[in-house]
Amino acid sequence: MKAIRETLQRLEHEGNDRHIPCESPCQVDFSENDYLGIAADVELRRDFLNSLTAETFLPSSSASRLLASRQNAYRSLEAYLSELYGKPALLFNSGYHANTGMVGALGGKQTLFVADKLVHASIIDGLTLSGSTFMRFRHNDYAHLERLISKYGADYERVVIIAESVYSMDGDSADIAALVRAKRLHANTLLYIDEAHAVGVCGDRGLGLAQNHAGEVDITVGTFGKALGSEGAFAILGNSLRSYMINRCRSLIFSTAIAPVTVSWSEYVLRRVVEMDDRRSRLAELGMLLGEALKSGSKSHIQPYIIGDAHQVMELSHNLLRDGIKVLPIRTPTVPPNTERLRFSLSATMSAEAIEFLRQTMRKYE
């Protein structure tokens, strides 16, 4: 217990201690990942609820996916995802489950992982669980990636390149074509792209940035808990990889499956999101306005305001909340030391006036 108390004291001294926030009213909320405003869409929820009966409202799967008696909702959503992406789909309870489980399952002594320096913690945890050798290439530095594969790839039977299409803390995008070129350097290479922050927002019909290279991307991961306003995640992958994951992915095999009613809601939403080009356009417009307000030079739906000091970023977050603007601090270890920041996340339901209110308020603290 002494070591635990000392750890907590050290975190507090550094300004890196964390607390679960209370629900707090605010005029503008930049803290959530409801990029299209789906989670806040009461009319959409009402329509879905009206479609349910006591028989179709199934609040529990009561078993893991491999044991559950009720499979229709899962199969229906996987079939629709397969129709959209042109490849088989497999559902997971969360993006964290998908990444830790699949990356872990791909590992082995003869597998080399090469991952972007800024991939999500769930991928890092999967790499650790895999027991494989893994290396990190500098963020979006594809020459560095190619050098690592050229130098070390021949020592392994399989190479797995891992990147995100849109990065969660900086909002910048990967060059999928450059990743594909790196993949071609080694005969037996898999390309794994996490599209958690792109699905619903980016690409044709909101299907992400990897779609233009679907034949070269071996595993695409998307989530329902962000732009799609639901819960869970999915992987798009070939038949052999899908079967392999069903047999080897521990997070799938040993977790009680997500509730069928949630899966039905996910499909209900997804069928509407692919038609929501107006919301995607609105989000892009807001991204430009936010970039101007923060002077970030970005147009993304995710933009950081980097301060570089944990105590200062906490103070600014508290001050903004007092003024009616909720934007939470992001600190080490979520981001590297000295890059502590506020992470601004947009929703298509926001107004230009809200961005102007932010701009005027931020002036007080410059």
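Starting from 1, each residue takes its place in the sequence as its number. Every heavy atom of this structure was used, including side-chain atoms; hydrogens, water molecules and symmetry mates were not.
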Check for me, please, whether [X] and [Y] land in the same ILVMFWY cluster - side-chain distances under 4.5 Å, paths through other members count.
X	Y	answer
Leu328	Ile20	no
Val269	Tyr85	yes
Leu112	Phe134	no

Check whether any side-chain heavy atom of [X] lies under 4.5 Å from a side-chain heavy atom of [Y], and answer yes or no.
X	Y	answer
Met362	Leu320	yes
Tyr74	Arg65	yes
Leu44	Tyr268	yes
His213	Ile193	no
Thr223	Phe92	no

Sub-3.5 Å donor-acceptor pair from the side chain of [X] to the main-chain atoms of [Y], do we have one?
X	Y	answer
Ser347	Leu36	no
Ser255	Leu252	no
Thr128	Ile124	yes
Arg158	Gln110	no
Asn16	Leu11	no
Ser150	Arg147	no
Ser243	Ser240	no
Thr100	Tyr96	yes
Ser130	Gly107	no
Asn50	Arg46	yes

- [ ] Report the C-alpha separation of Leu145 and Leu179 in whole Å, then their side-chain angles, then the decisive distance to 0.1 Å, and conclude whether the side-chain contact (heavy atoms from CB on, under 4.5 Å) test is met.
- [x] CA-CA 8 Å; Leu145 168 62; Leu179 291 166; 3.8 Å; yes
Reported [atom1]-to-[atom2] distance for the pair [X] and [Y], which is rounded to 0.5 angstrom:
X	Y	atom1	atom2	value
Asp218	Ile236	CG	CD1	13.0 Å
Lys326	Leu342	NZ	CG	13.5 Å
Thr7	Lys2	OG1	NZ	12.0 Å
Leu241	Leu90	CG	CG	10.5 Å
Leu270	Glu275	CG	CD	10.5 Å
Leu77	Ser82	CG	OG	11.0 Å

Open item on the list: Among Glu164, Met102, Glu195, which residue satisfies the side chain to side chain contact (heavy atoms under 4.5 Å, CB included) criterion with Val221?
Closed with: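 Output: one option passes, namely Met102.
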Task: Member of Asn140, Ile162, Ile161, Ile123 meeting the side chain to side chain contact (heavy atoms under 4.5 Å, CB included) criterion with Asp116 - done: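 Of the listed options, the one satisfying the test is Asn140.
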Taking all non-hydrogen atoms of both residues into account, name the closest pair between [X] and [Y] and its distance.
X	Y	result
Ile176	Ser165	CD1-CB, 4.4 Å
Ser345	Glu32	OG-O, 2.5 Å
Ile149	Ala182	CD1-O, 3.7 Å
Arg248	Ala105	O-CB, 3.8 Å
Ile302	Ser168	CG2-O, 3.4 Å
Phe234	Val199	CZ-CG2, 4.1 Å

Open item on the list: Could you check whether Arg343 makes a cation-pi contact with Tyr305, meaning its NZ or CZ is under 6.0 Å from the centre of the six-membered ring and within 45° of the ring axis?
Closed with: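 Because its charged atom misses either the 6.0 Å distance or the 45° angle limit, Arg343 does not stack over Tyr305.
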- [ ] Under the salt bridge (charged side-chain N to carboxylate O under 4.0 Å, His left out) rule, what do Asp141 and Arg136 come out as? Steps first, then yes or no, please.
- [x] CA-CA 10 Å; Asp141 186 340; Arg136 313 284 293 279; over 6 Å; no
When you look at [atom1] of [X], are more than 12 heavy atoms from neighbouring residues, nucleotides or ligands closer to it than 6.0 Å?
X	atom1	answer
Tyr80	OH	yes
Glu6	CD	yes
Lys299	NZ	no
Arg70	CZ	no

Compute whether any side-chain donor of one residue and acceptor of the other, for [X] and [Y], lie under 3.5 angstrom apart.
X	Y	answer
Arg205	Gln211	no
Asn33	Tyr35	yes
Thr56	Thr53	yes
Glu231	Ser94	no
Asp194	Tyr192	no
Asp323	Tyr365	yes
Ser298	Ser300	no
Asn72	Arg75	no
Thr334	Arg18	yes

TODO: Show your reasoning for whether side-chain hydrogen bond (donor to acceptor under 3.5 Å, both in side chains) applies to Arg242 and Asn239.
DONE: CA-CA 5 Å; Arg242 186 180 189 276; Asn239 281 309; over 6 Å; no
Whether [Y] and [X] form a salt bridge (side-chain N of Lys/Arg under 4.0 Å from carboxylate O of Asp/Glu) is what I want to check.
X	Y	result
Lys87	Glu78	no
Arg184	Glu216	yes
Arg282	Glu285	yes
Arg341	Asp170	yes
Arg272	Asp47	no
Arg10	Asp17	no

- [ ] Go through the steps to decide whether Ile219 and Leu106 satisfy the test side-chain contact (heavy atoms from CB on, under 4.5 Å), and finish with yes or no.
- [x] CA-CA 11 Å; Ile219 299 177; Leu106 288 171; 4.0 Å; yes
Open item on the list: Can you classify the ring geometry of His139 versus Tyr167 as parallel (below 30°), tilted (30 to 60°) or perpendicular (above 60°)?
Closed with: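 Geometry flag for Tyr167 against His139: perpendicular rings.
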- [ ] For the pair Phe30 and Phe344, name the ring-plane relationship: parallel under 30°, tilted 30 to 60°, perpendicular over 60°.
- [x]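 Ring orientation, 0 to 90° scale: perpendicular.
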